[in-house]
Amino acid sequence: MAKLAVAAQHGFSDREYEAICQALGREPNELELGLFSLNWSEHCSYKSSKRFLRRLPTVGKRVLQGPGENAGVLELENGWCVAFKVESHNHPSAVEPFNGAATGVGGIVRDILSMGARPVALLDSLRFGELSDGKSRRLFEGVVSGIAHYGNCLGVPTVGGEVYFEDTYSDNCLVNAMCVGLLKKHELKKAIALGLGNKLILAGASTGRDGIHGATFASEDLLGDSEEKRPNVQVGDPFVGKLLIEATLEAAKLPELIGLQDLGAGGLSTAPPEMAARGDVGLAIDVTKVPLRATSMSPYEIMLSESQERMVLCIKAGSEQKFIDIYRKWGLEAAVIGAVIPECVYRIQQGKKIVAEIPIPILVGGSPEPELDTRQPRYLGSISQKRVTLAKTFDLRERLLSLLRSPNIGSRRWIYQQYDHSVQTNTVINPGEGDAAMLRVKGGKFALAVTMDGNARHVYLDPYEGSKRAVCEAVHNLVAVGAEPIGITDNLNWANPTDPEVYWTFEQAIAGMSAAASALGIPFVSGNVSLYNQSEARKIYPTPVVGMVGYLKDLDKRVPMGFQKPGDLVYVVGKLDGNFGGSEFLKVFYNFVGGELEPIDLNFEKRLIEAMLSLADQKLLRSTHDVSDGGLLVAIAEMTLPKGLGAELRLQLLTEEKLFGEWPSRFVVSVSPKDKNKIESLLGNAGISFESIGPVERTTLNVNGAAISLAELKTAYESALTRFL
Amino acid sequence: MKAAVIVLPGSNCDMDAYHVLKDLLQLETELLWHRETDLSKFDLIVVPGGFAYGDYLRAGAIARFAPAVQALPDYIEAKRGFVLGICNGFQVLTEAGLLPGALARNIDRKFICKSVTLRIENADSPFTHLFKPGETLELPIAHAEGRYFDTPAQLEKLEKNKQIFLTYAEENPNGSVNNIAGIMNESKTVFGLMPHPERNSETLLGSGAGLKFFQSLVYSLEAVHG
Amino acid sequence: MATKEFLVKVLIEPKPELLDPQGHAVEIAMHELGLETARETRVGKLVKYKVQAASEEEVRKKAIDISNELLVNPIIEIFSIEVETL
Amino acid sequence: MATKEFLVKVLIEPKPELLDPQGHAVEIAMHELGLETARETRVGKLVKYKVQAASEEEVRKKAIDISNELLVNPIIEIFSIEVETL
Ligand SMILES: Nc1ncnc2c1ncn2[C@@H]1O[C@H](COP(=O)(O)OP(=O)(O)O)[C@@H](O)[C@H]1O
Ligand SMILES: [Mg+2]
């Protein structure tokens with residue numbers, strides 16, 4: 001019959017369908033096909049990416065849980081641990097920005113919850129088309145309000161993130177959300193099912209017809225005509241999400257809890273078999289036991305539903321009522337829907353009747369890895385050769401103000417003002433106050449710093465170097481506030497991997513990130529891959545986003561970004577010269593994307609970071625900011641804004657390249673004059689070059705005689721987004 | 001002396017208020033589940049910030065039917081102790097009719113989280129007596145429905161009785177009438193404000209000025225209890 | 001007594017004296033899209049539910065009660081009710 | 001041509017197949033307040049405006065257009081329109 005046609009509808013190639021038949025020893029029924037389609041989807045199986053992901057460094061002395069669980073976990077001190085992960089919700093947000101982004105936040109929060117951790121911070125990394133385009137504006141506004149809606153209601157502060165606007169994202173916006181959670185080591189939970197006869201509980205919201213086939217949808221190109229194929233929009237309920245956090249953390253205290261897992265993409269089709277696979281057991285579940293929101297749902301619909309705000313728990317037989325009572329107390333449903341069985345299969349029953357049965361090892365991890373080719377993209381050769389002819393003279397003031405007005409550079413206040421960033425009363429560096437946000441931990445002296453970074457234009461120009469840079473940029477942001485980088489979560493947002501040129505950039509990016517992380521000794525502990533971010537018209541830039549967590553032993557040693565005191569001395573520290581490639585300056589003034597990307601010397605980078613951390617540790621830094629997007633002068637301007645303090649600067653060389661180039665391995669710092677000698681000798685001994693450029697001053701920013709009032713700087717900077725909205 | 005922080009489904013600043021009372025002020029403090037109705041053993045009841053019942057319909061609209069909130073009128077009537085509503089708690093108290101007025105959607109329609117400058121309009125109350133009249137301070141706000149509104153007649157009454165204890169001093173972030181940020185009932189036992197004093201009660205988080213509100217209450221209670 | 005099913009719509013809008021920024025923004029957008037004569041635009045809420053009762057009168061009465069008690073805040077909102085027999 | 005004034009109400013609600021968390025929460029509250037038979041409660045939006053036109057038909061047609069273009073998000077919402085002559 002049209003079996004193959006049904007298979008094709010589920011997104012299977014003939015080869016995959018054959019693999020299924022062979023493994024089962026028969027043809028699958030429709031429900032089984034549905035189960036396969038989700039478990040074998042790119043989104044859930046990482047089939048195109050895992051061969052490269054294996055190359056990422058994942059070990060380190062703090063690693064308690066590396067990649068493979070719902071989130072990575074690192075040990076801090078005194079039993080304290082931090083769990084974190086990033087997740088994308090790109091396709092859903094492109095269709096319905098508000099709900100897509102909101103449910104993205106909900107999803108990543110439940111990943112953290114699955115580890116037994118209390119979510120303490122959120123970050124978001126966003127990409128849209130240019131704001132001059134109405135559709136991009138609507139997406140942007142919708143996404144930001146969706147994140148605000150969900151995160152604010154949960155009471156988890158959204159403390160940081162990043163956003164870029166670039167044509168390449170006008171059909172495929174990117175919405176990556178990162179969540180950070182805290183737990184004590186003994187509270188760590190895993191997504192595992194164990195122990196014959198033990199029970200499976202489904203808790204949280206009831207199940208409806210939402211988002212059926214969401215994971216498959218996320219694993220295809222976004223086509224204009226895909227309206228029909230679109231799953232129902234998933235609507236999140238942050239109120240239930242909040243109750244689910246409280247109830248689950250209460251339930252996690254019971255010793256009878258064996259395993260904990262959220263229902264994300266794929267719902268009941270994917271979460272329980274993953275638990276079974278980890279425990280080497282089988283599971284039987286009965287769909288008639290699943291609390292439903294809609295009437296007369298078929299087993300297929302129940303199994304494939306992606307209703308939000310649900311968790312599965314594997315618990316000791318006999319303790320069912322204790323768990324159900326906790327969820328009821330919080331006003332949530334909880335029902336025993338299945339049990340651990342001896343046969344290593346995922347068995348779906350409708351009452352007594354078995355409606356599907358698939359061996360776990362085939363369902364989870366059994367998808368054949370597609371054979372994909374890589375080929376160096378043709379554009380790379382020409383784009384690095386491209387050169388731009390600079391104007392002979394330039395007006396420094398006008399250049400700087402225009403750059404500050406760029407949506408890729410100027411203030412993000414319009415965004416973070418909509419996010420509750422102070423709830424939980426732990427945020428000691430707020431958005432806009434430092435390169436990374438910082439959270440204290442009540443009952444400890446230490447603090448956590450968190451950041452997300454990834455300039456994709458750099459990656460587009462040079463996938464290897466650009467991705468190295470993304471890692472180093474995140475490192476700089478942590479180091480700037482005084483924190484030691486301890487772990488990475490990454491989100492790889494790419495176009496269609498069956499295009500060999502796309503796939504090549506993917507491989508290069510992973511190599512670049514690995515090189516940087518290995519050299520700097522920072523493990524990857526979690527991450528996410530989002531492929532197929534392209535339309536008929538456009539592919540997105542290869543966009544790796546690096547989320548990073550830093551540890552600061554003594555939170556009194558944290559370093560702010562803004563200048564603190566008139567008379568303090570300003571230095572540029574690190575690599576003092578480099579080139580222009582990929583800068584926002586070239587884009588804004590010459591509409592030019594091209595040139596070579598200055599490579600990063602990772603040995604130097606390592607020394608630089610150690611030196612900066614040592615300065616911070618000795619409390620020698622009054623303020624620090626890394627030099628990144630916009631270059632040196634933008635970094636300095638940003639340091640004048642928090643406290644409204646200018647500077648009287650004299651730079652040795654005044655070229656546009658020096659002022660606006662974005663080469664990495666550079667910081668701007670301000671220090672007390674009394675520490676001048678100490679700092680200079682410490683940097684000198686470490687072999688780190690620096691340039692002393694003048695004192696902090698009260699009223700204006702003065703650069704080699706060009707004076708710009710702080711009011712002007714502020715007006716330009718603050719208008720970057722608002723002038724479009 | 002004993003304080004309670006009511007935990008409504010969706011409260012999310014309950015632990016923040018608890019931290020200030022219990023850890024910073026060493027006051028005996030309990031988290032009070034919303035189904036409880038016996039308030040008699042408490043000298044102070046805090047209705048905390050958050051999104052009780054998801055803020056569905058209107059902030060506080062459903063929360064006011066929670067048993068613990070339903071028990072508040074008798075508690076207030078009996079002058080048993082003080083009631084403080086912060087942010088969402090303020091919304092709950094107005095919806096429940098325990099403080100006058102209503103809190104409408106912010107004038108620019110968006111959620112706003114930032115630090116604002118406030119002025120103490122009445123320093124002669126159990127909640128504000130440690131401040132000087134006219135003193136200004138910074139506190140974070142974090143709300144989408146904070147635009148205080150009431151009829152002109154009611155407003156006149158509030159002014160006359162000096163029930164407005166806190167106003168926005170520089171910019172008015174949400175469009176509140178008369179820049180109102182915090183009010184109390186006529187008998188000075190029920191207080192509500194949109195800004196979050198508990199988010200600026202330690203120098204680590206800012207100036208720490210918010211702590212004075214809580215200290216004011218504690219000293220007032222000590223005066224009563226001797 | 002036999003009951004029938006009714007559909008109730010509660011139409012809630014901001015009080016005339018309360019500034020309605022959303023209504024204002026919508027009105028400007030409507031003007032730009034060619035509906036130049038639109039005025040007094042208000043954006044409010046719709047609550048719709050089905051209910052069993054013996055008579056339309058009873059339905060209406062209960063709808064008014066629930067509106068006053070729960071659905072509407074009379075300090076900032078006004079409402080009207082529509083009932084249909086199903 | 002002479003025009004008259006009309007009152008338009010656009011009633012917007014979440015698509016029936018989508019979760020309406022707000023409607024759900026309101027329904028629970030209604031049940032607790034004694035309206036036990038309330039079901040399928042949905043909370044949506046009301047947009048109300050006055051407009052000049054030659055005929056009710058024209059008003060209705062334009063209201064549909066503006067709803068599709070501006071007021072309603074067809075991916076998650078459905079709407080109906082009521083017109084009154086003033
Ligand atoms: N999408 C966002 N969500 C929340 N905060 C953001 C977002 N984008 C930027 N921010 C915050 O705004 C500030 C400036 O961001 P950005 O210019 O990207 O900083 P940097 O270049 O130092 O990484 C930071 O505090 C950052 O965390
Ligand atoms: Mg940076």
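Since the structure is predicted, the reported quantities are computational estimates derived from the model, not experimental observations. Within every chain, numbering begins at 1; the chains are lettered A, B, ... in the order of the sequence lines, protein sequences first and strands thereafter.
Rounding to the nearest 0.5 Å places NZ of K242(A) at 14.0 Å from OH of Y53(B). To the nearest 0.5 Å, the span separating NE2 on H143(B) from CG on N152(A) amounts to 12.0 Å.
Residue contact with chain A, scored on non-hydrogen atoms closer than 4.5 Å, involves the side chain of Y56(B) exclusively. Of the two parts of L204(B), the backbone and the side chain both hold a non-hydrogen atom closer than 4.5 Å to a non-hydrogen atom of chain A. If you measure heavy-atom distances from H19(B) to chain A, the contacts under 4.5 Å come from the side chain alone. With a threshold of 4.5 angstrom between heavy atoms, S145(A) does not approach chain B through any atom at all. Heavy atoms of L555(A) lying under 4.5 Å from chain B belong exclusively to its side chain.
Between W33(B) and W330(A), the ring planes are perpendicular. Angles over 60° get that label, and only those under 30° would be called parallel.
Ranked by heavy-atom pairs shorter than 4.5 Å toward chain B, the options P238(A), S422(A), G155(A) are led by S422(A). Top candidate by heavy-atom pairs under 4.5 Å with chain A, chosen from S11(B), C13(B), G10(B), P9(B), is P9(B).
The interface of residues 99-120 of chain B with chain A, defined by heavy-atom distances below 4.5 Å, comprises K110(B), F111(B), I112(B), C113(B), K114(B).
Residue K565(A) qualifies as open at atom NZ: its count of foreign heavy atoms under 6.0 Å is 12 or below.
At distances below 3.5 Å, at least one donor-acceptor pair connects side-chain atoms of D16(B) with backbone N or O atoms of Q424(A). Between the side chain of N12(B) and the backbone N or O of C153(A) there is at least one donor-acceptor pair closer than 3.5 Å.
R199(B) and T425(A) share no donor-acceptor pair across their side chains, judged by distance under 3.5 Å alone.
No salt bridge links K442(A) with E202(B); every basic N to acidic carboxylate O contact stays at or beyond 4.0 Å.
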